[in-house]
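Below is one structure; the comments refer to it alone.
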Amino acid sequence: MKYLMVLALGLITLGSAHAQKAPKIGHINSNDLLTLMPEREEAAQQLEAYAKQLETELSTMTAEWETKVEEFRSDTASPDFVLQSKRERIQDLQARIQKFQEDAQQRLAEKEQELLEPIIKKAKDAIKAAADENGYTYVFDSSVGVLIHFPESDDLMPLVKKKLNIVN
């Protein structure tokens, strides 16, 4: 009798283990997906136009600097204090150009982020929807090797910290 109960319990356990389906794992190259999205081309064009505006301003400033340098080099008759004043204005302009270049790089990066953020969100939402609709439990991004879709689960950090005796 005990043997039959153990066998029945074993079959029930085996049956429930089989009833749980294995996780379905997929992958996608998000870089390729973003390249295929029509919004990406429009964003690239907007970013290029913005970069050209910044480049035009920088060219104007550089031309002004070059003119002042040429005037300074050709001015041999002015007193020293006038030459010193011109030299300081050239240095000031050069510093402004350098600051503008740094600011322009930062603003260009911010503009790119601003333009790409909604496209990336749309792609992530589509990946999640496709994964959910088709029963994928986990989806990896093969372009960077990151998990991008997964079911809600327990955070193991507290357990691992306890195991390692980490207090904070």
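Source: prediction; values computed, not measured.
- The closest donor-acceptor contact from the side chain of K24 to the backbone of N134 lies under 3.5 Å.
- Side-chain contacts under 4.5 Å among hydrophobic residues (ILVMFWY), followed directly or transitively, place V144 together with V146.
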Open item on the list: Between E114 and K111, does the salt bridge (Lys or Arg N to Asp or Glu O under 4.0 Å) criterion hold? Intermediate values first, please.
Closed with: CA-CA 5 Å; E114 174 190 318; K111 184 70 168 177; 3.6 Å; yes
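- Side chain to side chain, Q46 and E42 meet the donor-acceptor criterion of an N or O pair below 3.5 Å.
- Side chains of Q84 and E88: a donor on one and an acceptor on the other come within 3.5 Å.
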- [ ] List the steps and the verdict of salt bridge (Lys or Arg N to Asp or Glu O under 4.0 Å) for E48 and K52.
- [x] CA-CA 6 Å; E48 188 177 326; K52 283 185 181 182; 3.6 Å; yes
TODO: Might you work through the side-chain contact (heavy atoms from CB on, under 4.5 Å) test for L115 and E39, ending with a clear yes or no?
DONE: CA-CA 9 Å; L115 291 170; E39 298 95 332; over 6 Å; no
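- Enclosure of atom NZ in K86 by more than 12 non-hydrogen atoms of other residues, nucleotides or ligands within 6.0 angstrom is indicated.
- Distance check: F100 CZ to T60 OG1 gives 9.0 Å after rounding to the nearest 0.5 Å.
- In this model, no donor atom of one side chain and acceptor atom of the other lie less than 3.5 Å apart for T35 and D32.
- More than 12 heavy atoms of other residues, nucleotides or ligands lie within 6.0 Å of CG in D92, so this atom counts as buried by the packing criterion.
- E71 and K68 are not joined by a salt bridge, as no carboxylate oxygen comes within less than 4.0 angstrom of a charged side-chain nitrogen.
- With hydrophobic clusters built from ILVMFWY side chains whose heavy atoms lie under 4.5 angstrom apart, Y136 does not share a cluster with F140.
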